[in-house]
Trainee: 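I have a structure here, written as structure tokens, and I will follow up with some questions on it.
Please read these numbers as outputs of a predicted model, since none were measured by experiment. In listed order, ligands and their atoms are each counted from 1.
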Amino acid sequence: MQSQAIKFASARANLFQESVIREMSRLAAQHKAVNLAQGLPDFPCPPELKEAVTRATLDNVNQYAITWGDKFLRQAIAEKAARFNGIKADPETDITVCCGATEAMVATMMALVDPQEEVIVFEPFYENYGPDAILSGAVPRYVRMNPPDWSFDEQELARAFNDKTRAIIINTPHNPTGKVFSREELNVIAGLCQKWGVLALTDEIYEHILYDGREHISIASLPGMEDLSVTINSLSKTYSVTGWRVGWAIARPELTLPIRKVHDFLTVGAPAPLQRAGVTAVNMPQSYYDELKREYEERRRYMLETLEQIGIEYYMPQGAYYAFCDISKFGHKNDLAFTKYLVKDIGVAVVPGGSFFGADNPLKHKYVRFCFSRQDETLKAARARLQDLKPL
Ligand code: PLP
């Protein structure tokens, strides 16, 4: 019999499901599968970051930081944003340090979007944006990106903007497709944002994981977008510290003020010693970013070679660390059936593509996502197991 406690789940919480990605990681553990599901590195973070955390706690940085972020970290973030993103940010008024990009995005939406206002989301999308919209009362309005290059139709995008549109979410480099938005595409979006007075909320956490010489562009650096952008980033992916939970939002003071208020009452602040250690991360020399890119190029090469060997069709990732693949020719009923078979019978966990789409996209069940932010041994073990994969 079901416990009577069931009736207490709020209508809001009932509007979304538990994360499919974490569910896949649980199944991976249960079946002792090689886990290529969740987007986290299985290799250690740089040793200097481990030392920096220890140093911070020994230096007694163990109490609440200023709610909107450790002063030294905000300073370092401002310098990095100027150097890499062409964004001028005043650390005193324009930066809010949060518990990861996750909190930065939801705090931003709760602070800047009113219930019933529309938020445009490119589809497929990182699965958190759906619940983020629900938690802030916003109505997501999906605009499709189309394979094979995941470009969007400019007319369709233009039609999505209306008097109720408050914001558009951009994620570049993109999870799950690996698309990197071009300057031309961002100019189109920027033009529409300015025409309609709409905010661009941009999730740029894969900005340093780029392939084939691609360039990362922050929409906030385009003319006229300084007042209309919230640029979200995090330590998680660039420095391989997803468990630290340190991210940030950069925006004009008028936007930052409400974000800081929401952030304060949601979490007070991100962990203080990890924020201080974040200064060492954000100040890494250029050679660190070059090496990161080189290592990910090699991981991508190996992953794609594996997919070619077993005949899985993939879309060439331009950035981030995922291979989004079309599995229709394997003969399974849908993406979920394929991933369950893969985790139980082949011993490799991946994410069913349906979790990156809204309810009624006909492409929803054709794809799965392989994550390749893994050490060599893990990628080798996955390759060995995947040799047994055959169409039904
Ligand atoms: N944004 C995107 C696009 C992601 O892929 C992820 C994690 O996979 C996150 C945000 C989460 O970032 P954080 O760890 O900083 O909360």
Side-chain angles (χ1 to χ4, degrees), residues 19-25 35-42 45 49 69 73 77 80 95-110 119 121-133 135 140 145 150 168-181 200-210 216 218-219 230-250 259 263 266-267 269-271 274-275 277-278 281-282 296 317-324 349-353 355-357 369-374:
S19 159
V20 176
I21 298 180
R22 284 180 273 286
E23 164 69 8
M24 286 315 297
S25 286
N35 188 349
L36 302 187
Q38 207 170 349
L40 47 84
D42 71 345
C45 73
L49 301 193
L73 179 58
I77 291 168
K80 180 168 180 288
I95 296 175
T96 312
V97 178
C98 294
C99 295
T102 302
E103 193 226 333
M105 183 59 86
V106 76
T108 297
M109 288 179 67
M110 291 175 92
V119 174
V121 180
F122 287 108
E123 188 186 32
F125 54 89
Y126 171 56
E127 65 165 359
N128 280 32
Y129 306 147
D132 287 349
L135 289 171
M145 300 197 296
W150 302 101
I168 179 167
I169 297 181
I170 299 151
N171 168 215
T172 182
H174 185 255
N175 173 10
T177 65
K179 173 190 173 71
V180 173
F181 282 67
L201 316 181
T202 94
D203 178 338
E204 304 184 8
I205 72 167
Y206 298 101
E207 67 168 332
H208 292 287
I209 304 174
L210 294 165
H216 170 75
S218 293
I219 198 167
V230 181
T231 306
I232 291 173
N233 216 318
S234 148
L235 299 180
S236 288
K237 314 285 176 172
T238 305
Y239 309 103
S240 306
V241 289
T242 56
W244 282 21
R245 314 308 307 131
V246 178
W248 55 88
I250 304 178
I259 295 171
H263 157 73
L266 275 180
T267 65
L274 297 165
Q275 289 196 52
V282 172
Y296 271 110
Q318 302 172 336
Y321 48 52
Y322 306 103
F324 204 49
V350 298
V351 176
S355 47
F356 304 104
F357 290 88
R369 189 195 76 178
F370 287 77
C371 174
F372 55 84
S373 58
R374 300 293 188 266

Trainee: Check ligand 1 against N171 and write out every atom of the ligand that is under 4.0 Å from a heavy-atom position of the residue.
Mentor: 3 (C)
Trainee: Quick one: does ligand 1 sit under 4.0 Å from the side chain of E103, the backbone, both or neither, non-hydrogen atoms only?
Mentor: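 Neither; no heavy atom under 4.0 Å.
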Trainee: Atoms of ligand 1 less than 4.0 Å from G100 heavy atoms?
Mentor: 15 (O), 16 (O)
Trainee: One residue to check: N175. Relative to ligand 1, which of side chain, backbone, both or neither has a non-hydrogen atom less than 4.0 Å away?
Mentor: side chain
Trainee: Give me the nearest non-hydrogen protein atom to atom 16 (O) of ligand 1 as residue plus atom name, then the distance to 0.1 Å.
Mentor: T102 OG1, 2.5 Å
Trainee: Ring centroids only, cut at 6.0 angstrom: are Y206 and Y322 within range, meaning strictly under it?
Mentor: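 So the answer is yes for these two rings.
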Trainee: So, N175 versus Y321: side-chain donor-acceptor pair below 3.5 Å or not?
Mentor: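 Y321 and N175 do not have a side-chain donor-acceptor pair below 3.5 Å.
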Trainee: Distance under 4.0 Å to a non-hydrogen atom of R245: what atoms of ligand 1 satisfy this?
Mentor: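 The list of qualifying atoms is 13 (P), 14 (O), 16 (O).
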Trainee: What part of K237, side chain, backbone, both or neither, has a heavy atom within less than 4.0 angstrom of ligand 1?
Mentor: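 Side chain only; the backbone of K237 stays clear of ligand 1.
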Trainee: So how far is it from K237 NZ to I205 CD1, rounded to the nearest 0.5 Å?
Mentor: 4.5 Å
Trainee: So how far is it from W244 CH2 to C99 SG, rounded to the nearest 0.5 Å?
Mentor: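 Here the interatomic distance stands at 14.5 Å.
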Trainee: Is Q38 in contact with ligand 1, taking contact as a heavy-atom separation below 4.0 Å?
Mentor: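 Not so, Q38 does not reach ligand 1.
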Trainee: For ligand 1, is any non-hydrogen atom under 4.0 Å from S236's backbone (N, CA, C, O), its side chain (CB onward), both, or neither?
Mentor: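 Near ligand 1, S236 shows its side chain, while the N, CA, C and O stay back.
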Trainee: Could you tell me whether S234 and ligand 1 have an N or O pair separated by under 3.5 Å?
Mentor: yes
Trainee: Between OH of Y296 and CD1 of I209, what distance do you get to the nearest 0.5 Å?
Mentor: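 Nearest 0.5 Å value for the OH-CD1 distance: 4.5 Å.
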Trainee: Quick one: does A101 get an N or O within less than 3.5 Å of an N or O on ligand 1?
Mentor: yes
Trainee: How about Q318 and L210: do any of their side-chain heavy atoms sit closer than 4.5 Å?
Mentor: no
Trainee: Using distance alone, with no hydrogens and no angle criterion, decide if S373 and D42 have a side-chain donor and acceptor under 3.5 Å apart.
Mentor: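 Distance-only check fails for S373 and D42.
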Trainee: If I apply the N/O under 3.5 Å rule, does D203 come out as touching ligand 1?
Mentor: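 N/O-N/O distance below 3.5 Å exists for this pair.
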Trainee: Calculate, to the nearest 0.5 Å, the distance between atoms NE2 and CD belonging to H263 and E103 respectively.
Mentor: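 The distance works out to 5.5 Å.
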